[in-house]
Amino acid sequence: MKYLDEFSDPQLAERLLQQIHAATTRPMAMMEVCGGQTHSIIRHGIDQLLPEQIELIHGPGCPVCVTPLEIIDRALAIAARPGVVFCSFGDMLRVPGSGQDLFSVKSAGGDVRVVYSPLDALRIARENPDKEVVFFGVGFETTAPANAMTVHQARRLGVRNFSLLVSHVLVPPAIAAIMESPTCRVQAFLAAGHVCSVMGTSEYPALAEKYRVPIVVTGFEPLDILEGIRRTVLQLEAGRHEMENAYPRAVRDEGNLPAKEMLRDVFEVTDRTWRGIGTIPRSGWRLAQKYAEFDAENRFDVEAIRTAESSLCRSGEVLQGLIKPHECAAFGKECTPRNPLGATMVSSEGACAAYHAYRRLELVEAK
């Protein structure tokens with residue numbers, strides 16, 4: 001398929017690696033923001049091919065992983081109610097709440113359904129007017145336009161038995177929060193290409209200037225990531241701190257203008273809690289007032305649900321880049337993909353799941 005095989009060419013990868021090795025003269029720590037990039041890095045062993053001076057820190061860019069526990073528990077409470085059809089993408093069904101997950105609710109008789117688009121949930125609502133149909137809207141800016149369009153369509157068509165449980169978060173405020181943390185070690189960022197394909201790059205130059213860190217927009221294939229790292233190394237070595245777009249085949253500076261217009265209409269910016277990080281001001285979206293009737297939290301009165309994180313799970317430190325997954329004592333023992341303690345192990349984009357899938361045996365042997 002075009003734009004996949006071309007960006008996995010081993011000879012080109014070797015050439016990029018040679019350039020990275022030749023340019024690197026000192027220690028540097030850079031964070032890949034997106035969980036998809038983390039999986040690609042670990043799967044292809046990119047971090048093991050880099051100069052030893054380069055440390056890749058795995059960031060909080062897995063939307064499932066940063067969804068707070070209280071939102072998961074609110075989803076569980078709604079899904080367990082009679083007369084509710086709870087729709088979600090499949091990656092949320094095994095994310096543990098404080099006592100169970102959505103699969104447990106389904107096995108106990110709850111009507112929990114996996115869908116492939118929020119529009120599928122809207123169709124279910126139109127076909128079942130006697131049911132309350134809820135879609136679990138989780139993600140960064142990438143998935144938000146489809147959710148916004150679905151709510152817009154529900155209002156236009158008068159589908160009053162549809163609602164959205166919103167847990168959307170925004171990348172730029174998270175970068176600012178990471179840089180302002182007293183424990184921050186990050187010197188540069190590989191920004192998420194799919195987020196920028198929607199929102200564009202306009203917010204990043206100011207962040208690069210304020211915190212004096214390079215921000216390189218990067219794709220997800222091996223050559224994309226290596227090119228992003230190469231550009232980042234060149235900036236750090238030269239003492240520059242600029243935003244660069246290393247993913248021009250998918251990202252334009254202005255982003256996707258129709259999608260951004262839909263987002264402005266349906267959502268408004270709000271404070272959001274990030275699992276393992278805490279509340280970041282103006283780091284998420286909620287439904288705008290004119291769409292408030294489609295807010296599942298209000299409709300089902302679950303906003304008061306508050307829960308505490310597991311004391312054994314250290315996924316919050318993983319999300320902040322303070323530790324690597326295998327440095328958690330529960331990794332591969334109490335916490336496995338079959339019995340995950342935290343979302344970073346169960347999510348398909350989680351750093352813990354990546355290490356368990358691609359590094360578990362060598363980590364066990366190293367111990």
Side-chain angles (χ1 to χ4, degrees), residues 7-8 13 16-17 19-21 23-24 27-51 53-63 65-66 140-142 169-179 184-209 211-238 240-251 253 255 318-322 324 349-351 354:
F7 289 87
S8 299
L16 283 170
L17 281 165
Q19 293 175 14
I20 292 168
H21 277 265
T24 304
M28 53 188 69
M30 59 188 76
M31 174 178 281
E32 81 276 3
V33 173
C34 176
Q37 291 170 339
T38 299
H39 263 253
S40 187
I41 288 166
I42 303 303
R43 178 184 179 187
H44 296 287
I46 290 173
D47 57 327
Q48 297 179 321
L49 299 174
L50 295 173
Q53 300 102 312
I54 297 178
E55 179 186 3
L56 294 180
I57 300 174
H58 312 315
C62 163
C65 303
V66 300
F140 288 90
E141 297 93 328
T142 318
V169 288
L170 309 174
V171 169
I175 289 177
I178 289 167
M179 290 307 302
C184 178
R185 299 184 297 109
V186 179
Q187 297 169 279
F189 290 90
L190 302 178
H194 51 7
V195 169
C196 294
S197 71
V198 175
M199 302 303 294
T201 61
S202 62
E203 294 183 86
Y204 294 99
L207 288 170
E209 180 62 31
Y211 298 108
R212 303 184 69 80
V213 291
I215 300 177
V216 180
V217 179
T218 308
F220 305 90
E221 297 302 314
L223 296 189
D224 289 323
I225 294 169
L226 288 170
E227 173 62 8
I229 293 170
R230 185 188 70 85
R231 294 193 189 200
T232 303
V233 168
L234 292 177
Q235 282 206 47
L236 288 171
E237 290 286 350
R240 294 186 291 117
H241 46 273
E242 302 166 4
M243 191 284 300
E244 286 190 61
N245 180 9
Y247 198 34
R249 70 181 187 277
V251 173
D253 288 344
V318 173
L319 289 170
Q320 294 179 70
L322 300 178
K324 294 291 192 289
E349 293 189 357

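At a cut-off of 3.5 Å, with distance as the only test, no side-chain donor of Thr24 or Gln53 sits close to an acceptor on the other residue. Residues Asp253 and Thr201 bring a donor and an acceptor atom of their side chains to less than 3.5 Å of each other. Under 3.5 Å, the side chains of Glu244 and Gln235 contain a donor-acceptor pair of N or O atoms.
Between Gly228 and Ala246, the closest heavy-atom pair is CA-CB, 4.5 Å. In this structure, Ser40 and Ile46 approach most closely via the heavy-atom pair O-CD1, 4.2 Å. Closest approach of Val171 and Glu141 over heavy atoms only: N-OE2, 3.0 Å. Across Gln37 and Ala191, no two heavy atoms sit closer than the pair NE2-O, 3.3 Å. Shown here for Leu170 and Pro173, the closest heavy-atom pair between the two residues is O-CD, 3.5 Å. Across every non-hydrogen atom of Ile54 and Val233, the tightest pair is CD1-CG2, 3.7 Å.
Rounding to the nearest 0.5 angstrom, the gap separating the CD atom in Glu209 from the CG atom in Leu207 is 11.0 Å. Annotation: the span from Asp47 atom CG to Glu32 atom CD amounts to 8.5 Å, rounded to 0.5 Å. Taking CG of Leu223 as the reference point, atom OG1 of Thr218 lies at 12.5 Å (rounded to 0.5 Å). Distance SG/Cys34 to NE2/His58: 13.0 Å, rounded to 0.5 Å. Residue Met28 holds its CE atom at 11.0 Å from CD1 of Ile229, rounded to the nearest 0.5 Å. Here the CG atom belonging to Leu322 is positioned 7.5 Å from the CZ atom belonging to Arg185, to the nearest 0.5 angstrom.
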**OP:** Begin with the C-alpha distance, continue with both residues' side-chain angles, and end with the deciding distance and a verdict on side-chain contact (heavy atoms from CB on, under 4.5 Å) for Tyr204 and Met199.
**Re:** CA-CA 11 Å; Tyr204 294 99; Met199 302 303 294; over 6 Å; no

**OP:** Please report the C-alpha distance between Lys324 and Glu55 in whole Å, then the side-chain angles of each, then the deciding distance to 0.1 Å, and finally whether the salt bridge (Lys or Arg N to Asp or Glu O under 4.0 Å) criterion is met.
**Re:** CA-CA 11 Å; Lys324 294 291 192 289; Glu55 179 186 3; 3.2 Å; yes

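Heavy atoms from other residues, nucleotides or ligands lying under 6.0 Å from CZ of Arg212 number 12 at most.
Applying the side chain to side chain contact (heavy atoms under 4.5 Å, CB included) rule to Leu49 yields the partners Leu17; only residues at least two apart in sequence or on another chain are considered.
Side-chain N or O atoms of His241 include none that pairs as donor or acceptor with a backbone N or O of Tyr211 at under 3.5 Å. When atom types are taken as modelled, the side chain of Gln187 and the backbone of Ala29 share a donor-acceptor pair closer than 3.5 angstrom.
Counting only heavy atoms from C-beta outward, the side chains of Val213 and Val186 never approach each other to under 4.5 Å. Gln19 is listed as a side-chain neighbour of Leu16, based on a closest heavy-atom distance under 4.5 Å. The side-chain heavy atoms of Met31 and Leu190, taken from C-beta on, include no pair separated by under 4.5 Å. You'll find the side chain of Glu221 stays beyond 4.5 Å of the side chain of Tyr247, heavy atoms only. A heavy-atom distance below 4.5 Å is found between the side chains of Pro51 and Ile20. Residues Val217 and Met243 are in side-chain contact: their nearest non-hydrogen atoms beyond the backbone lie under 4.5 Å apart. Side chains of Glu227 and Val216 form no contact here, defined as non-hydrogen atoms less than 4.5 Å apart. Residues Val66 and Phe140 are in side-chain contact: their nearest non-hydrogen atoms beyond the backbone lie under 4.5 Å apart.
We find that Arg249 and Asp224 are joined by a salt bridge, their nearest charged nitrogen and carboxylate oxygen being less than 4.0 Å apart.
Taking the six-membered ring for Trp, Phe220 and His194 have ring centres closer than 6.0 Å.
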